[in-house]
Amino acid sequence: MNNWTIILSTHQTNGKGVGKNFWETEKGKNLTFSIFFKSIPLSIDKGYIVNMIISNAIHKTLFTYSKSIWIKWPNDIILINKKIGGILIENKVLYKKIHTTIIGIGLNVNQLTFGSKLQASSLKKILNKDFKLEKLFYDIIYSIQKEYFIFTIYGELYIRNYYVSHLYMKDKISFFYVRKNLHCDINGYTKGIIRNITKKGNLVIEFNKNKKFFFFSQKEVQFIF
């Protein structure tokens with residue numbers, strides 16, 4: 001695709017995560033790459049669709065290796081309860097439309113040791129299998145372009161349905177930290193159940209105390225376990 005530019009790094013020394021987080025990676029053992037493109041004419045409030053396209057594509061690629069792969073809202077890849085990948089997306093806006101998108105992807109592949117404070121793992125550590133980085137890279141790129149093509153044909157609903165159906169801990173009791181906001185009077189640690197994603201990309205949680213549904217942006221709720 002002419003509008004796509006892909007940059008692959010064999011050794012990322014200052015990987016950026018969400019907020020102040022950093023992505024730790026060992027030289028020559030993982031996949032860290034960025035995609036720059038300007039192909040999707042979306043309004044500002046639909047920017048989350050890009051994240052869904054990328055998440056779905058990575059999930060579909062890794063699902064061939066393990067059926068225990070999940071998408072953790074909004075941008076993590078989980079394998080058997082361990083984080084093995086993350087996605088960071090920055091959208092550039094022009095005239096209230098997303099003009100260009102920069103996607104950063106980090107995937108732990110053959111690395112075996114991680115910092116004790118990190119709840120991270122890798123494909124090799126969990127599946128006890130060596131992976132060829134180049135093949136996996138091209139498989140993911142192909143899957144991303146295919147998922148984008150599916151979006152152009154079938155639209156947002158198809159992309160959203162796949163994403164929601166493979167959400168980590170969906171329909172199971174989980175533990176959250178909720179920051180009080182205008183549409184929810186809950187504040188602090190509480191149990192809840194992930195139910196859906198709104199049409200603006202927010203997470204829908206049902207809380208056990210009152211059986212009500214509330215929706216949250218990324219800054220308003222933190223998934224604990």
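The figures here come from the full heavy-atom set of this structure, side chains too, leaving out hydrogens, waters and symmetry mates.
- No side-chain N or O of D76 forms a donor-acceptor pair with one of Y168 less than 3.5 Å apart.
- For the atom pair OG of S55 and CD of E147, the computed distance is 9.5 Å after rounding to the nearest 0.5 Å.
- In terms of modelled atom types and a separation under 3.5 Å, the side chain of R160 and the main chain of T198 share a donor-acceptor contact.
- K132 forms no cation-pi arrangement with F137, by the criterion of a distance under 6.0 Å to the ring centre and an angle within 45° of the ring axis.
- A salt bridge between K212 and E206 is absent, with no side-chain N of the basic residue lying under 4.0 Å from a carboxylate O of the acidic one.
- In terms of hydrophobic clustering, with Ile, Leu, Val, Met, Phe, Trp and Tyr side chains grouped at heavy-atom distances under 4.5 Å, I6 and F37 are assigned to a common cluster.
- In plain terms, the two heavy atoms of I141 and F33 that are nearest each other are CD1-CE1, 3.7 Å.
- Taken to the nearest 0.5 Å, the NZ atom of K97 stands 8.0 Å off from the CG atom of L42.
- A 6.0 Å sphere centred on CD1 of I173 holds no more than 12 heavy atoms belonging to other residues, nucleotides or ligands.
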Check against side-chain hydrogen bond (donor to acceptor under 3.5 Å, both in side chains), E156 and Y48: CA-CA 10 Å; E156 176 185 342; Y48 73 93; 2.5 Å; yes
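- When atom types are taken as modelled, the side chain of K72 and the backbone of N81 share no donor-acceptor pair closer than 3.5 angstrom.
- Annotation for F114 and S122: closest pair CZ-CB, 3.9 Å, computed over non-hydrogen atoms.
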side-chain contact (heavy atoms from CB on, under 4.5 Å) evaluation trace for N108 with L123: CA-CA 7 Å; N108 295 331; L123 289 167; over 6 Å; no
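- One finds the OG atom of S143 at 10.5 Å from the CG atom of L136 (value rounded to the nearest 0.5 Å).
- Residue I49 is grouped with residue Y158 when hydrophobic side chains (ILVMFWY) are merged at heavy-atom distances under 4.5 angstrom, including chains of intermediate members.
- For F175, the CZ atom counts as densely surrounded, since its 6.0 Å shell holds more than 12 non-hydrogen atoms of other residues, nucleotides or ligands.
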Trace of the side-chain contact (heavy atoms from CB on, under 4.5 Å) decision for F214 with V204: CA-CA 6 Å; F214 297 92; V204 178; over 6 Å; no
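- Atoms CG and CD1, on N56 and I150 in that order, are 8.5 Å from each other to the nearest 0.5 Å.
- Every residue two or more places apart in sequence or in another chain that forms a side chain to side chain contact (heavy atoms under 4.5 Å, CB included) with F63 is listed here: H59, K67, I69.
- Y177 and I224 get closest at one heavy-atom pair: N-CG1, 3.8 Å.
- Checked against side chain to side chain contact (heavy atoms under 4.5 Å, CB included), N110 has the following partners two or more places apart in sequence or in another chain: K29, K124, D130, F131, L133.
- Atom OH of Y142 has 12 or fewer heavy atoms from other residues, nucleotides or ligands within 6.0 Å.
- Cluster annotation: V93 is not connected to V50 through the hydrophobic network of ILVMFWY side chains, with a link wherever side-chain heavy atoms come within less than 4.5 Å.
- A heavy-atom distance below 4.5 Å is not found between the side chains of I105 and L31.
- I103 and F36 end up in different hydrophobic clusters when Ile, Leu, Val, Met, Phe, Trp and Tyr side chains are linked at under 4.5 Å.
- Using a 4.5 Å cut-off on side-chain heavy atoms (C-beta onward), I197 and L167 make contact.
- Partners of Y95 by ring pair (Phe, Tyr, Trp, His ring centres under 6.0 Å), not counting sequence neighbours: none found.
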Pair L203-I194, side-chain contact (heavy atoms from CB on, under 4.5 Å): steps then yes or no: CA-CA 7 Å; L203 186 67; I194 294 173; 3.7 Å; yes
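- Transitive grouping of hydrophobic side chains (ILVMFWY, heavy atoms separated by less than 4.5 Å) keeps L79 and Y162 in distinct clusters.
- In this structure, N30 contributes its side chain and V109 its backbone to a donor-acceptor pair below 3.5 Å.
- Evaluation of the side chain to side chain contact (heavy atoms under 4.5 Å, CB included) rule for T64 yields no partner, not counting sequence neighbours.
- Aromatic ring centres of F223 and F176: separated by under 6.0 Å.
- Of the possible donor and acceptor atoms, none in the side chain of S66 sits under 3.5 Å from a partner among the backbone N and O of L62.
- By the 6.0 Å contact criterion, CG on N128 is open, its count of non-hydrogen atoms from other residues, nucleotides or ligands being 12 or less.
- The CD1 atom of I80 lies 5.5 Å from the CD1 atom of I126; values are rounded to the nearest 0.5 Å.
- Heavy atoms of other residues, nucleotides or ligands lying less than 6.0 angstrom from CZ of F215 number 12 at most.
- Taking all atoms of both residues into account, the shortest heavy-atom contact from L8 to T32 is CD1-O, 3.6 Å.
- Side-chain contact annotation: N91 with T101, donor-acceptor N/O pair under 3.5 Å present.
- Residues K200 and D45 are not paired through a salt bridge, judged by the lack of any N-O separation under 4.0 Å between the basic side chain and the carboxylate.
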I144/T61 under side-chain contact (heavy atoms from CB on, under 4.5 Å): CA gap, chis, key distance, verdict: CA-CA 9 Å; I144 290 172; T61 302; over 6 Å; no
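- At distances below 3.5 Å, not a single donor-acceptor pair connects side-chain atoms of N75 with backbone N or O atoms of N51.
- Separation of atoms OG (S174) and CD1 (I193) is listed at 8.0 Å; rounding is to 0.5 Å.
- Under the side chain to side chain contact (heavy atoms under 4.5 Å, CB included) criterion, K92 pairs with E90, T100, I102, sequence neighbours left out.
- Minimum interatomic distance between K46 and K199 (heavy atoms only, all atoms of both residues): NZ-O, 3.0 Å.
- The backbone N or O of G201 lies less than 3.5 Å from a partner atom in the side chain of W73, making a donor-acceptor pair.
- With sequence neighbours excluded, no residue satisfies salt bridge (charged side-chain N to carboxylate O under 4.0 Å, His left out) with K219.
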